[in-house]
Amino acid sequence: MREKNLATMKTAVLHVVLTVLLLGAATAVGYLFRYLRFPETATVLVYLLAVLLVAWQAKGYLFGFLSSIIATFAYNYFFTEPHYTLEVRNPSYWITFTVMTVVAVITSTLTSHAKRSSQEAREKAAETKAVYNLTYRLSDAKNMQEITGVILGAISEYFYCTAELLDINESELPEYRHLKPLYVAPERDGGPPERKSSYVRLQKDVYADEAAWPILGRESVLGIIRIPKERALLMSEAERRLLRSMVETTAMAMERLREAEKNIKARELAEQERYRGNLLRAISHDLRTPLSGIIGTSEMLMAMTDESDPRHALIRDICTSADWLHAMVENILSLTRLDDGRLLLEKQPEAAEEVVDAAVNHVLRHAPEREIAVKTPEALLLVPMDATLIRQVLINLLDNALKHTAPEDELSVTVDAEGRFANFTVLDGGTGIAPDDLPNIFQPFYTTAAKQADAGRGIGLGLAICQAIVKAHGGAITARNRPDHTGAEFKFSLPLEAENEQV
Amino acid sequence: MNRYNEHVLLVEDDAPIRNFIAFALQSEGFRCTPADTGHAALNLLLSEKVDLMLLDLGLPDLDGMEIIKRVREWSDMPILVVSARDQDKEKAAALDGGADDYLTKPFSATELLARVRVALRHLYKQRGLQTQTSLEVGGLSIDLKKRLVHLDGEELHVTPLEYSLLALFFKNIGKVLTTGYIIREVWGAGYGSDTQALRALMAGLRRKLEENPAKPRYIKTEIGVGYRLVDE
């Protein structure tokens with residue numbers, strides 16, 4: 001505050017000197033006029049001119065008013081009879097004094113007023129121009145570096161001081177950027193804070209003093225602009241307004257930049273996702289052909305060897321493993337179809353009984369000795385679905401059930417309509433699901449906790465894919481142990497009316 | 001041992017699959033000529049008498065559809081296409097384009113041989129069909145002249161649409177008929193591709209023919225492609 005007072009005093013002294021000089025000059029001219037025997041009115045006018053000049057040069061109304069009074073007294077003292085006293089002999093002078101004072105006060109007030117208005121207009125114009133220039137340059141800025149350069153450059157250009165910009169990132173770790181000032185010598189304190197703790201402390205100071213100007217975004221503080229404290233104290237109202245406008249302009253530019261960066265990131269992510277899906281699909285696709293060769297050839301060999309031959313069992317192992325691999329490949333392909341977005345879901349009304357039959361036939365091809373009971377409603381039940389994918393769900397559930405049951409255990413598929421949903425239930429009489437596994441059973445790559453990962457292979461991805469497919473159809477899938485019997489019950493329901501918003 | 005002596009043209013670009021199919025066919029007594037490209041296959045067709053063609057749809061040089069189209073210009077030999085599982089649309093297109101049946105990779109040799117036998121039998125039946133008015137599969141028979149259907153010796157009452165559907169299947173015993181083809185044949189070309197009506201008609205017919213419509217004995221569903229009346 002002391003600096004500010006000092007500055008005010010300096011201007012005050014300056015104005016006093018100016019007033020004294022001007023009024024002195026007017027008095028001198030008055031003497032000259034008296035010597036030349038000009039009429040006294042000319043002297044009055046010279047005094048009025050001096051008052052006008054004071055009001056024009058000095059700040060505020062005070063000096064204009066004071067100089068008006070002083071001018072009247074000076075005229076009285078120096079130029080009216082008796083000279084060099086404040087006495088007045090001729091009462092008509094009172095009229096002269098009054099009129100002179102009134103005219104001096106009015107003109108000085110008007111001058112001060114006009115002066116103030118014109119100054120305000122000038123400031124406004126300068127401010128508009130500054131903000132316009134800033135906006136123009138910021139719109140060309142392509143990254144944070146450039147934005148920082150532009151705003152700090154503008155601040156040093158308009159306020160003749162150094163400035164700092166603290167960029168508060170989404171990750172909440174601030175980045176410090178300095179610009180060497182154009183007009184003022186060396187920049188102030190420290191380097192970039194590296195740890196978060198120092199940032200917290202820093203944030204406190206930064207907010208505390210009036211030299212800090214937060215850059216406010218719509219949702220958060222984007223950064224902080226700092227100017228030296230000494231300079232901040234000297235700022236006029238107009239300068240504050242200008243700086244505020246500049247900071248707001250910067251906020252808009254920073255927000256625009258962050259928005260653009262976010263969009264680019266999202267696009268890159270989607271691109272990566274698509275690339276991964278394509279890669280997975282290409283690999284899975286290419287795996288199919290050699291797998292077909294392995295399965296076909298090993299089956300051929302199996303048919304050519306006697307069952308008592310030890311080679312028969314070995315070849316059967318090849319075949320089983322290849323079969324498992326093939327099921328995996330088909331599951332991954334189903335998954336990539338879903339990952340591509342729901343657009344590839346080709347929902348059509350399909351007869352539930354046909355899809356169940358297709359799944360059962362597929363499963364029984366690999367386990368011809370098993371019996372699967374099928375119950376479908378008496379009336380035709382048309383369910384909107386992608387038949388290939390729902391068949392895949394049923395195949396996975398049935399395969400799973402076959403793996404966890406003994407050949408004599410019961411195994412059934414039931415379809416019924418319930419309200420606006422069609423329920424598909426796969427029921428088995430096997431050992432059931434371990435309670436520990438129940439909550440995680442639809443997690444991808446989850447294999448039963450009780451067994452080793454290798455022993456439980458096949459269920460890891462299969463059930464997760466079932467869930468993904470059913471969800472994509474707007475349905476739900478649940479697993480539980482049968483309450484009345486040993487064994488597991490998997491049930492999924494599909495909406496009977498095509499819900500477009502789900503697709 | 002050699003029950004068959006038909007000549008099978010095997011068009012497949014993957015050598016291991018080609019080898020095992022050729023081996024399976026030869027072990028059944030078929031004569032088998034392998035070809036690894038579409039052009040090689042077309043050249044072989046010009047120089048040799050071929051009774052049946054096994055065609056992989058994913059050939060490197062020629063579109064499988066193109067080969068089917070060219071062969072169908074002059075021959076009614078059975079064509080079995082081989083394709084991957086998620087290529088339902090291509091399967092249906094191949095069947096509509098004149099292929100007789102399809103196999104989905106991976107398939108077993110047993111399945112392959114069964115399909116080849118069915119296709120050949122179907123061919124011979126088809127050739128002698130013009131004079132035949134009564135056909136039967138298991139306990140199901142149809143009299144094309146009197147427009148009557150019998151199931152296990154008893155007359156079965158079917159609606160006119162159900163009869164046309166059944167007659168269509170009997171004329172193509174063992175062959176996969178695509179939904180598009182069936183709709184065109186039963187309802188007419190202007191009907192479009194509303195599969196819902198076909199599904200309903202099929203469900204009604206199955207409830208008359210089958211003990212358990214969810215485990216049909218006579219008319220099997222080929223998901224995503226169509227239907228087939230079993231051969232035996």
Side-chain angles (χ1 to χ4, degrees), chain A residues 281 284-285 288-304 319 322-323 326 329-330 333-334 336-337 346 348-362 364-366 372-382 386-392 413-415, chain B residues 12-28 56 58 82-89 103-113 179 193-207 210 212-217 219-227:
Chain A
R281 186 163 42 246
S284 309
H285 228 279
R288 271 209 277 222
T289 303
L291 276 174
S292 301
I294 295 171
I295 292 170
T297 311
S298 56
E299 268 177 355
M300 231 29 250
L301 283 171
M302 221 154 67
M304 288 159 63
C319 198
D323 263 339
H326 175 251
V329 164
E330 293 296 340
L333 282 172
S334 302
T336 56
R337 262 179 80 189
E346 287 170 17
Q348 270 196 355
E350 301 278 354
E353 57 200 42
E354 292 181 356
V355 181
V356 171
D357 177 45
V360 168
N361 277 338
H362 183 273
L364 288 183
R365 243 176 33 194
H366 297 281
I372 299 176
V374 179
K375 273 170 271 170
T376 52
E378 189 49 43
L380 169 70
L381 183 61
L382 286 174
D386 186 317
T388 322
L389 290 176
I390 294 300
R391 179 181 60 175
Q392 184 76 43
V413 187
T414 313
V415 184
Chain B
E12 164 68 64
D13 60 322
D14 186 65
I17 296 180
R18 200 168 60 230
N19 289 342
F20 110 77
I21 295 177
F23 189 84
L25 289 171
Q26 279 157 1
S27 69
E28 278 288 293
D56 182 2
V82 174
S83 74
R85 185 148 132 216
D86 58 355
Q87 296 172 315
D88 288 345
K89 285 221 176 78
L103 278 161
T104 304
K105 279 185 196 172
F107 47 84
S108 68
T110 339
E111 204 182 337
L112 167 80
L113 293 171
T179 43
S193 60
D194 182 8
T195 57
Q196 210 157 332
L198 174 59
R199 303 251 183 275
L201 181 67
M202 187 60 73
L205 185 59
R206 272 182 177 152
R207 274 157 183 73
E210 313 279 1
N212 183 352
K215 280 188 157 183
R217 221 156 56 93
I219 302 174
K220 297 269 188 196
T221 310
E222 304 282 331
I223 277 288
V225 181
Y227 297 91

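These numbers were taken from a predicted model, which means no experiment stands behind them.
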Could you have a look at B:Ala15, B:Gly224, B:Pro216, B:Gly58 and say which one has the most heavy-atom pairs with chain A under 4.5 angstrom?
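Maximum pair count with chain A is reached by B:Pro216.
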Any non-hydrogen side-chain atom of A:Leu381 less than 4.5 Å from a side-chain atom of A:Glu353?
no
For A:Glu330, does its backbone N or O pair with a side-chain atom of A:Arg288 as donor and acceptor, under 3.5 Å?
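No: the side chain of A:Arg288 does not pair with the backbone of A:Glu330.
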Side-chain donor/acceptor of B:Arg206 to backbone N/O of B:Met202, under 3.5 Å:
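Not confirmed, B:Arg206 side chain does not pair with B:Met202 backbone.
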Contacting region of [X] [heavy-atom separation from chain B under 4.5 Å]:
X        : answer
A:Val356 : neither
A:Ala379 : backbone
A:Ile295 : side chain

With a 4.5 angstrom heavy-atom cut-off, could you sort out which part of [X] is near chain A: side chain, backbone, both or neither?
X        : answer
B:Arg18  : neither
B:Phe107 : backbone
B:Glu111 : side chain

Just checking B:Lys215: does its NZ atom have more than 12 heavy atoms from other residues, nucleotides or ligands closer to it than 6.0 angstrom?
yes
Just give me the residue among A:Ala352, A:Gly296, A:Ala359, A:Pro290 that pairs up with chain B most often, heavy atom to heavy atom, under 4.5 Å.
A:Gly296
What residue, out of A:Thr297, A:Thr376, A:Ile294, has the most heavy-atom pairs lying under 4.5 Å from chain B?
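Max contact count across the listed options: A:Thr297.
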At what distance, to the nearest 0.5 angstrom, does OG of A:Ser292 lie from CD1 of B:Ile21?
9.0 Å
Please list, chain by chain and in numerical order, all residues satisfying side chain to side chain donor-acceptor pair (under 3.5 Å) with A:Asn361, sequence neighbours excluded.
A:Asp357
How would you list, by chain and number, every residue that makes a salt bridge (charged side-chain N to carboxylate O under 4.0 Å, His left out) with A:Glu299, sequence neighbours excluded?
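Expected list: none.
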